[in-house]
Amino acid sequence: MAAFFVTWASEIYSLIISITAIAAALAIATKEVILCYGGSFYRFFTHPFSVGDRIVIDDLRGDVIEIGLLGTQILEVGPKDLTHQYTGRLVTVPNAKFLSSNIFNETYSSEYILHTFSVKIKSNTTWETEVNRLLESAQKHCNQYVDKAKEHFNKISKKKQLETPFIEPRINIKLKDHDAIHLLVRVTVPVELRGRIEQAIMTDYLKAKYKN
């Protein structure tokens with residue numbers, strides 16, 4: 001037996017090296033596929049999003065239209081968070097991305113959403129008037145949804161043991177520049193109407209601002 005191993009040692013060593021090389025090549029070749037399956041299992045067990053949700057992964061933002069074992073198809077919305085309009089591009093994301101990137105779900109509620117957008121105004125003595133105009137416009141377009149939205153979020157809060165959010169339109173003031181004020185508008189609106197209502201609020205605000 002010893003003589004056999006001595007005689008064939010080099011051939012056995014070469015065979016082991018070949019098998020190892022083949023295994024390494026297979027591992028490299030199938031790495032992305034394995035990671036995609038891993039991402040699918042991760043999504044299945046953690047439920048970060050479902051079909052119809054609007055999500056953000058890295059620089060991509062859009063609505064999920066199909067989820068497969070290897071990839072997820074997303075209708076892009078943008079550019080970035082500047083609008084809520086489709087860009088016309090369909091993006092397929094490898095499910096491996098779910099293992100290495102944060103996933104932001106903008107529609108964790110299927111009916112109503114707490115929608116926030118920013119308005120930049122000049123820092124002068126008329127800033128308070130601008131705030132009031134913007135708030136009045138937000139109330140005009142969003143107060144009709146307050147009661148139903150409260151009921152909706154109360155159910156979610158009880159189920160998830162969370163504090164019920166403030167539903168009525170509100171404006172927070174941020175000072176980022178010495179010559180400008182950033183007004184953060186937050187409203188509660190139906191998920192599918194957020195873009196339209198944001199534009200309606202801005203249109204009425206600008207009409208009131210420049211009517212004279």
Engineer: Does some side-chain heavy atom of Thr116 sit less than 4.5 Å from a side-chain heavy atom of Val185?
Structural biologist: no
Engineer: Is Asp204 salt-bridged to Lys140, going by a charged N under 4.0 Å from an acidic O?
Structural biologist: yes
Engineer: Under 3.5 Å, is there a donor-acceptor pair between the side chain of Asp58 and the main chain of Leu60?
Structural biologist: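 Such a contact is absent between Asp58 side chain and Leu60 backbone.
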Engineer: Could you verify whether a donor N or O on one side chain and an acceptor N or O on the other, from Tyr86 and Asp63, lie under 3.5 Å apart?
Structural biologist: yes
Engineer: Okay, side chain of Asn105, backbone of Pro48: is any donor-acceptor separation there less than 3.5 Å?
Structural biologist: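 Side chain of Asn105 to backbone of Pro48, a donor-acceptor pair under 3.5 Å: yes, one is there.
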Engineer: Does any part of the side chain of Arg54, heavy atoms only, come nearer than 4.5 Å to the side chain of Val77, both counted from C-beta?
Structural biologist: yes
Engineer: Once you measure the plane-to-plane angle for His47 and Phe44, does it fall in the parallel (<30°), tilted (30-60°) or perpendicular (>60°) bin?
Structural biologist: tilted
Engineer: Please walk me through it: do Cys36 and Val33 pass side-chain contact (heavy atoms from CB on, under 4.5 Å)?
Structural biologist: CA-CA 5 Å; Cys36 285; Val33 174; 5.6 Å; no
Engineer: CD/Glu66 to CG/Leu75 distance, rounded to the nearest 0.5 angstrom?
Structural biologist: 11.0 Å
Engineer: Would you name the heavy atoms of Pro94 and Thr92 that are closest together and state the gap between them?
Structural biologist: CD-O, 3.8 Å
Engineer: Test side-chain contact (heavy atoms from CB on, under 4.5 Å) on Phe98 and Phe41; report intermediate values, then the result.
Structural biologist: CA-CA 10 Å; Phe98 304 152; Phe41 281 111; over 6 Å; no
Engineer: Please tell me whether Leu206 and Ile201 are part of a single hydrophobic cluster in this structure, the criterion being side-chain heavy atoms less than 4.5 Å apart.
Structural biologist: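 Yes, one cluster joins them.
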Engineer: Just so I know, are the side chains of Glu151 and Lys155 near enough to count as touching, which here means a heavy-atom distance under 4.5 Å?
Structural biologist: yes
Engineer: Is a side-chain donor-acceptor pair under 3.5 Å present for Asn95 with Ser40?
Structural biologist: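 Distance-only check passes for Ser40 and Asn95.
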Engineer: Between Ile197 and Pro190, is any pair of side-chain heavy atoms under 4.5 Å apart?
Structural biologist: yes
Engineer: Heavy atoms, side chains only, cut-off 4.5 Å: are Arg43 and Ile67 in contact?
Structural biologist: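 Touching, per the 4.5 Å side-chain cut-off.
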Engineer: Report whether Leu175 and Leu134 are members of the same hydrophobic cluster (ILVMFWY, side-chain heavy atoms less than 4.5 Å apart, transitive linking).
Structural biologist: yes
Engineer: Walk me through whether Gln199 and Arg194 qualify under side-chain contact (heavy atoms from CB on, under 4.5 Å).
Structural biologist: CA-CA 9 Å; Gln199 289 301 305; Arg194 57 193 154 180; over 6 Å; no
Engineer: When hydrophobic residues are tied together by side-chain contacts of less than 4.5 Å, even through go-betweens, does Val56 share a cluster with Ile74?
Structural biologist: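 In one cluster: no.
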Engineer: Just say parallel, tilted or perpendicular for the rings of Tyr112 and His152, cut-offs at 30° and 60°.
Structural biologist: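 Because their plane-to-plane angle lies in the 30° to 60° range, the rings of Tyr112 and His152 count as tilted.
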Engineer: Does Asn154 use its side chain to pair, donor to acceptor, with the backbone of Lys150 at less than 3.5 Å?
Structural biologist: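 The answer is yes, because a donor-acceptor pair under 3.5 Å joins these two groups.
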Engineer: Determine, for Arg61 against Glu76, whether the closest basic-nitrogen to carboxylate-oxygen distance falls under 4.0 angstrom.
Structural biologist: no
Engineer: If you draw the axis of the six-membered ring of Phe166, does the NZ or CZ of Arg170 fall within 45° of it and under 6.0 Å from the ring centre?
Structural biologist: yes
Engineer: Return yes when atom CZ of Phe117 has more than 12 non-hydrogen atoms of other residues, nucleotides or ligands closer than 6.0 Å, and no otherwise.
Structural biologist: yes
Engineer: Do the non-hydrogen side-chain atoms of Phe104 and Ile57 ever get within less than 4.5 Å of each other?
Structural biologist: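 A side-chain contact under 4.5 Å is absent here.
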Engineer: Mind checking the OH-CD1 spacing from Tyr145 to Ile113? Nearest 0.5 Å is all I need.
Structural biologist: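 The OH atom of Tyr145 sits 14.0 Å away from the CD1 atom of Ile113.
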Engineer: Provide the closest heavy-atom pair for Ile103 versus Phe49 in the form atom of the first, atom of the second, distance.
Structural biologist: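 Reported closest heavy-atom pair: CG2-CD2, 3.9 Å.
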Engineer: Hey, mind stepping through Lys174 and Leu184 against side-chain contact (heavy atoms from CB on, under 4.5 Å) and telling me if it holds?
Structural biologist: CA-CA 7 Å; Lys174 298 293 182 181; Leu184 300 180; 3.6 Å; yes
Engineer: Answer with yes or no whether the hydrophobic clustering places Tyr210 together with Leu135; edges join I, L, V, M, F, W, Y residues whose side-chain heavy atoms lie under 4.5 Å apart.
Structural biologist: yes
Engineer: Pro169 versus Ser137: any side-chain heavy-atom pair under 4.5 Å?
Structural biologist: no
Engineer: Check the surroundings of atom CD in Gln85: do more than 12 heavy atoms from other residues, nucleotides or ligands lie under 6.0 Å from it?
Structural biologist: no
Engineer: Rounded to the nearest 0.5 Å, how far does CD1 of Ile181 lie from CD1 of Ile121?
Structural biologist: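 Going from the CD1 atom of Ile121 to the CD1 atom of Ile181 covers 4.5 Å.
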Engineer: Is there a side chain to side chain donor-acceptor pair (under 3.5 Å) between Ser123 and Asp179? Walk through the geometry before answering.
Structural biologist: CA-CA 5 Å; Ser123 179; Asp179 59 346; over 6 Å; no
Engineer: Once rounded to the nearest 0.5 Å, what's the spacing between atom CG of Asn102 and atom CD1 of Ile55?
Structural biologist: 12.0 Å
Engineer: For Thr188 and Ala149, which heavy atoms make the closest approach, and how far apart are they?
Structural biologist: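 So the two residues come closest at CG2-CB, 3.5 Å.
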Engineer: Give a yes or no on whether Ile171 and Val189 share a hydrophobic cluster (residues Ile, Leu, Val, Met, Phe, Trp, Tyr; joining criterion: side-chain heavy atoms under 4.5 Å apart).
Structural biologist: yes
Engineer: Strictly distance-based, threshold 3.5 Å: is any side-chain N or O of Arg133 a donor or acceptor partner for the main-chain N or O of Glu130?
Structural biologist: no
Engineer: Evaluate the side-chain proximity of Met202 to Lys207: yes if any heavy-atom separation is below 4.5 Å, no if none is.
Structural biologist: no
Engineer: Salt-bridge test for Arg186 and Glu168: reply yes if a basic N is under 4.0 Å from a carboxylate O, no otherwise.
Structural biologist: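 No, no charged N to carboxylate O under 4.0 Å.
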